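What you see below is based on every heavy atom in this structure, not just the backbone, and it leaves out hydrogens, waters and symmetry mates. Nothing here was measured: the structure is a model prediction, and the numbers come from that model. Every chain is numbered from 1, with letters handed out A, B, ... down the list of sequences.
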Amino acid sequence: KAGVTQTPRYLIKTRGQQVTLSCSPISGHRSVSWYQQTPGQGLQFLFEYFSETQRNKGNFPGRFSGRQFSNSRSEMNVSTLELGDSALYLCASSLGGTPSGANVLTFGAGSRLTVL
Amino acid sequence: AQSVTQLGSHVSVSEGALVLLRCNYSSSVPPYLFWYVQYPNQGLQLLLKYTSAATLVKGINGFEAEFKKSETSFHLTKPSAHMSDAAEYFCAVTRGGTGFQKLVFGTGTRLLVSP
């Protein structure tokens, strides 16, 4: 079956712009999580959505937002881009059942954002 | 709060040698532990997971890890390294329970394999 698909794979933006990244989960997966990966901070949790509801959010400013659609596809948006937002943004999907800790996250290839 | 510590940001081995990547965890409740691998310009791929069943966990590509509660460790091993094992490896921890439990990653260990 198809894996987690993230688009676009690469993009370049300038400071002050906004960006929207898309994630299509594995069919049947209802949970989508987003992570930011940078050389300095490593992998940091952004937020997670399950059945169109945000269940948890990491320690990121309000410029970072997301949503999930009824078909479980998810988007994340970053407004007023800063140089420090340059990163690989990874999306992961899982079944989302309980206990949620046992659910295996399947990651997409990521969207690499460069902010100039 | 849960956390993992990966000792050594870089580990170098020769092809055919034993691979040992270290991970220690901190958790106030029984943890679920994972090892993921990341190849250049790719996402993370699950190698193996511990979810309170057998303490010795076998994963893909010949990797295995042993959960040792007394040492709070979950080290990753492979008897014989291949060139194709060169990648970055991440240990991660989460916990059970209702609701969402985020996955907390270590800082990663880059494995270098020389011929």
Side-chain angles (χ1 to χ4, degrees), chain A residues 3-7 9-10 21 23-26 30-51 53-60 66 68 87-112, chain B residues 1-10 23 25 27-54 57 59-60 65 67 74 87-110:
Chain A
V4 178
T5 303
Q6 291 189 245
T7 57
R9 287 293 314 277
Y10 302 91
L21 309 177
C23 173
S24 293
I26 290 173
R30 297 169 62 190
S31 170
V32 174
S33 303
W34 289 88
Y35 286 81
Q36 181 196 63
Q37 185 178 24
T38 60
Q41 298 298 316
L43 284 152
Q44 292 189 291
F45 170 73
L46 280 158
F47 29 63
E48 186 257 0
Y49 288 87
F50 180 79
S51 293
T53 300
Q54 186 183 89
R55 292 198 292 188
N56 208 331
K57 189 178 192 305
N59 189 26
F60 279 83
Q68 186 180 35
L88 180 66
Y89 290 89
L90 292 165
C91 163
S93 75
S94 72
L95 291 170
T98 300
S100 63
N103 287 302
V104 173
L105 297 186
T106 301
F107 284 81
S111 292
R112 184 166 296 281
Chain B
Q2 297 164 295
S3 64
V4 290
T5 300
Q6 291 184 243
L7 296 176
S9 58
H10 291 79
C23 173
Y25 70 90
S27 178
S28 57
V29 298
Y32 294 147
L33 293 158
F34 304 79
W35 275 100
Y36 281 86
V37 61
Q38 185 176 35
Y39 297 99
N41 298 317
Q42 294 187 26
L44 279 70
Q45 179 184 5
L46 179 70
L47 280 175
L48 49 80
K49 64 177 181 178
Y50 166 77
T51 56
S52 74
V57 182
I60 62 171
F67 173 73
F74 190 59
E88 189 152 22
Y89 293 79
F90 293 92
C91 181
V93 64
T94 187
R95 65 178 191 176
T98 58
F100 175 73
Q101 306 296 339
K102 69 179 181 182
L103 203 55
V104 177
F105 288 90
T107 52
T109 297
R110 186 169 298 279

**Prompt:** What is the distance from atom OG of A/Ser33 to atom CG of A/Leu46, rounded to the nearest 0.5 Å?
**Reply:** 10.0 Å
**Request:** Could you label the plane-to-plane angle of the A/Trp34 and A/Phe47 rings as parallel, tilted or perpendicular, counting under 30° as parallel and over 60° as perpendicular?
**Result:** perpendicular
**Message:** With rounding to the nearest 0.5 angstrom, report the CD to CG distance, A/Gln44 to A/Leu90.
**Reply:** 12.5 Å
**Prompt:** For the atom pair CD (B/Gln45) and CH2 (B/Trp35), what is the distance rounded to the nearest 0.5 Å?
**Reply:** 15.0 Å
**Item:** B/Leu46 versus chain A, the contacting section by heavy-atom distance below 4.5 Å
**Value:** side chain
**Asked** Relative to chain A, which segment of B/Tyr50 carries a heavy atom at a distance below 4.5 Å: side chain, backbone, both, or neither?
**Response** neither
**Request:** For each of B/Thr107, B/Val93, B/Asn41, B/Val104, tally heavy-atom pairs with chain A at distances under 4.5 Å, and name the one with the top tally.
**Result:** B/Asn41
**Prompt:** Any idea how B/Phe90 and B/Phe105 line up, ring-wise: parallel (<30°), tilted (30 to 60°), or perpendicular (>60°)?
**Reply:** perpendicular
**Request:** Look at A/Gly108, A/Gly42, A/Cys91, A/Ala109 and state which one has the largest set of heavy-atom pairs under 4.5 Å with chain B.
**Result:** A/Ala109
**Asked** Contact part of A/Gln37 toward chain B, heavy-atom cut-off under 4.5 Å: side chain, backbone, both or neither?
**Response** side chain
